[in-house]
Amino acid sequence: MSQIEVSNLLSQMRQLSSQVKPSEQSFTAATPVKTDFSNLLKQSISSVADAQTDAGKLAAGFERGDAGADLGRTMVAINKADLSLNTLTQVRNKLVDAYNNIMNMPV
């Protein structure tokens with residue numbers, strides 16, 4: 001890049017940055033959203049159950065030889081369901097470990 005191109009680029013950048021006006025809302029802190037842990041856990045469990053159901057339906061359709069059955073989609077759905085179940089199991093194990101640690105703490 002020559003000196004003229006660099007100065008031209010810098011002037012364009014300055015012009016564009018002067019046109020951008022920061023909004024007042026972008027600097028205010030957003031109100032914290034309350035998330036209930038039990039609702040989050042219920043949603044996660046239902047999401048895993050839905051993934052398992054969908055994978056089962058796709059696998060059954062592929063086994064029957066349905067016209068829209070695709071091996072790739074079926075395998076991806078089965079792997080997603082398996083991964084989500086394994087993740088949920090690990091979360092459960094961590095929760096049980098945390099509960100046991102709390103219960104075994106001396107008072």
Side-chain angles (χ1 to χ4, degrees):
M1 269 188 169
S2 69
Q3 183 65 25
I4 297 172
E5 292 174 357
V6 171
S7 62
N8 187 17
L9 180 65
L10 284 173
S11 67
Q12 287 177 357
M13 289 175 62
R14 287 183 184 125
Q15 183 182 16
L16 289 173
S17 67
S18 67
Q19 292 174 356
V20 176
K21 296 180 183 177
S23 65
E24 294 292 325
Q25 294 176 348
S26 64
F27 295 111
T28 58
T31 57
V33 177
K34 286 189 175 183
T35 354
D36 189 15
F37 181 74
S38 63
N39 287 337
L40 182 65
L41 192 59
K42 287 177 188 176
Q43 288 173 356
S44 298
I45 291 171
S46 71
S47 172
V48 170
D50 291 342
Q52 293 283 329
T53 303
D54 291 342
K57 287 179 183 176
L58 285 172
F62 183 76
E63 290 169 359
R64 284 191 307 265
D66 290 346
D70 180 25
L71 179 62
R73 265 190 337 166
T74 304
M75 293 305 295
V76 168
I78 290 171
N79 284 332
K80 279 184 182 180
D82 184 50
L83 182 63
S84 62
L85 181 63
N86 288 339
T87 303
L88 184 65
T89 304
Q90 291 299 321
V91 169
R92 183 213 52 195
N93 292 343
K94 292 294 182 181
L95 287 173
V96 169
D97 287 343
Y99 175 78
N100 287 334
N101 285 339
I102 290 171
M103 293 308 291
N104 291 332
M105 282 183 179
V107 178

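Numbers here simply count residues along the sequence, with the first being 1.
Val48 and Ser84 get closest at one heavy-atom pair: CG2-O, 3.7 Å. Heavy atoms only, all atoms of each residue included: Ala77 and Ala55 are closest at O-CB, 3.6 Å.
For Thr89, the side-chain contact (heavy atoms from CB on, under 4.5 Å) criterion is met by Leu85, Arg92, Asn93, not counting sequence neighbours. Residues satisfying the side-chain contact (heavy atoms from CB on, under 4.5 Å) criterion with Asn101, sequence neighbours excluded, are absent altogether. Evaluation of the side-chain contact (heavy atoms from CB on, under 4.5 Å) rule for Ile102 yields no partner, not counting sequence neighbours. With sequence neighbours excluded, the residues satisfying side-chain contact (heavy atoms from CB on, under 4.5 Å) with Asp36 are Ser38, Asn39.
Counting only distance, with no hydrogens or angles, the side chain of Asp82 and the backbone of Ile78 share no donor-acceptor pair below 3.5 Å.
Pairs of residues two or more places apart, or lying in two chains, that qualify as side chain to side chain donor-acceptor pair (under 3.5 Å) and include a residue from residues 46-75 are Arg64-Asp66.
The hydrophobic cluster around Leu83 extends to none of the other residues, as no ILVMFWY side-chain heavy atom falls under 4.5 Å of it.
Linking ILVMFWY residues whenever their side-chain heavy atoms come closer than 4.5 Å, directly or via other members, leaves Val96 and Met103 in distinct clusters.
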Subject >> Candidate pair Phe37 and Leu95, rule side-chain contact (heavy atoms from CB on, under 4.5 Å), full reasoning >> reply: CA-CA 12 Å; Phe37 181 74; Leu95 287 173; 4.1 Å; yes
